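One structure is given below, encoded as structure tokens.
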Amino acid sequence: MKKRVAIFISGGGSNMVSLVRDMQSGDHPAEPVLVLANDAAAGGLKKATELGVPTAVVDHRPFKGDRVAFEDALQAELDKVQPDIICLAGFMRVLTEHFVAPWEGRMLNIHPSLLPKYKGLHTHARALEAGDAEHGVTVHLVTPALDDGPILGQARVPVKDGDTPDELAARVLTQEHVLYPAVLRRFAAGDLTPVYL
Ligand code: GAR
């Protein structure tokens, strides 16, 4: 039985596309069953539809900061498709323990830094400001603490002289598209050995 995967997005969904394409590429232990966005304008929704993956939207704004009610609405969408695994892929809402605890060990996140460095936002600018020679991306299991949890994979990229945050972000994103599918493939097969690229 293939593992059923729900992917949460907020924007363009390029990581979602790389995950779906890999799952659809043949012999894979998982299949995509839902792409869920917190914004109806998320560009990834159209891409998911084109890839034949069902979509749902739970807009966080009407909940006016009631995170528990928002999370209950997310869970209600999941209940309809019964996923085994959630992949957060550029999902830009913080999830509380209320949602995370029942999914602990079954929810992955991709974060554009070499964790534990640069949790939170603006990771590329922060790596440049720090003068780091190396930057990268991490896939980890989600725990209630933000951008924490056991690391399932990391990919490194060099920082080049004169890099702007956007140039560095683009170099990292290319590696995100390699790392996340590699981690999901391994994770869905029950292997938690980290992938290092
Ligand atoms: C990616 O770079 C991802 O690592 C980052 O958002 C981008 C989404 O791009 N995630 C975070 O910053 C999470 N804190 P995408 O929508 O094209 O996949």
Side-chain angles (χ1 to χ4, degrees), residues 5-24 32 34-51 53 55-60 67 70-71 74 85-96 99-100 103 107-129 132 134-157 159 163-184 187 194-195 197:
V5 178
I7 305 171
F8 286 16
I9 64 168
S10 295
S14 69
N15 276 290
M16 175 278 294
V17 169
S18 72
L19 291 173
V20 169
R21 285 214 178 113
D22 194 49
M23 284 187 271
Q24 291 179 340
L34 180 69
V35 169
L36 193 158
N38 64 303
D39 184 348
L45 289 169
K46 184 165 171 275
K47 295 175 194 165
T49 301
E50 285 165 3
L51 289 162
V53 183
T55 62
V57 176
V58 180
D59 189 337
H60 62 281
R67 288 186 187 270
F70 170 61
E71 292 173 352
L74 293 175
I85 297 168
I86 298 173
C87 289
L88 304 181
F91 186 68
M92 302 308 280
R93 304 302 300 171
V94 172
L95 295 167
T96 74
F99 185 87
V100 172
W103 282 99
M107 178 158 50
L108 282 54
N109 180 44
I110 187 157
H111 182 74
S113 77
L114 293 172
L115 290 174
K117 280 187 163 185
Y118 314 129
K119 298 176 181 182
L121 299 175
H122 311 302
T123 57
H124 310 298
R126 288 157 68 197
L128 289 175
E129 274 161 28
D132 291 353
E134 228 183 16
H135 186 43
V137 54
T138 303
V139 176
H140 63 96
L141 281 166
V142 177
T143 59
L146 182 70
D147 299 330
D148 210 67
I151 288 175
L152 296 175
Q154 283 187 321
R156 295 168 181 275
V157 303
V159 177
D163 262 349
T164 65
D166 284 351
E167 286 165 344
L168 185 54
R171 196 173 307 122
V172 171
L173 191 63
T174 302
Q175 285 299 90
E176 295 188 35
H177 298 160
V178 180
L179 179 70
Y180 211 173
V183 169
L184 178 61
F187 182 79
V195 176
L197 301 178

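Side chains included, hydrogens not; waters and symmetry mates left out as well; all remaining heavy atoms used. These figures come from a predicted structure and were not determined experimentally. Order of listing sets the numbers, starting from 1, for every ligand and every atom in it.
Phe91 and Phe70 have parallel rings, their planes meeting at less than 30° on a 0 to 90° scale where 60° marks the start of perpendicular.
At least one heavy atom of Ile110 sits closer than 4.0 Å to an atom of ligand 1. Put simply, no part of Gly44 is less than 4.0 Å from ligand 1, judged by heavy atoms.
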*Residue pair Val35, Lys47: steps toward the side-chain contact (heavy atoms from CB on, under 4.5 Å) verdict*: CA-CA 10 Å; Val35 169; Lys47 295 175 194 165; over 6 Å; no
*Report the C-alpha separation of His111 and His140 in whole Å, then their side-chain angles, then the decisive distance to 0.1 Å, and conclude whether the ring pair (Phe, Tyr, Trp, His ring centres under 6.0 Å) test is met.*
CA-CA 8 Å; His111 182 74; His140 63 96; 7.1 Å; no
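Legend: salt bridge (Lys or Arg N to Asp or Glu O under 4.0 Å) pairs involving residues 115-125, not counting sequence neighbours, sorted by first then second residue: Lys117-Asp132, Lys119-Asp148.
At under 3.5 Å, a nitrogen or oxygen of Asn15, whether backbone or side chain, sits near a nitrogen or oxygen of ligand 1.
Considering only non-hydrogen protein atoms, atom 12 (O) of ligand 1 sits nearest to Pro112 CD, 3.5 Å. Of the protein's non-hydrogen atoms, Gly13 N, 2.8 Å is the one closest to atom 16 (O) of ligand 1.
Which parts of ligand 1 touch Glu176 is read off a 4.0 Å heavy-atom cut-off, strictly below it: atoms 1 (C), 2 (O), 3 (C), 4 (O). Close approach of ligand 1 to His111 is summarised as follows: ligand atoms under 4.0 Å from at least one heavy atom of the residue are 14 (N).
In summary, Glu167 and Arg171 do not engage in a salt bridge, as defined by a charged side-chain N under 4.0 Å from a carboxylate O.
Side-chain contact annotation: Ser10 with Asp39, donor-acceptor N/O pair under 3.5 Å absent.
Counting only non-hydrogen atoms, the option in Ser14, Gly90, Gly12 that gets closest to atom 15 (P) of ligand 1 is Ser14.
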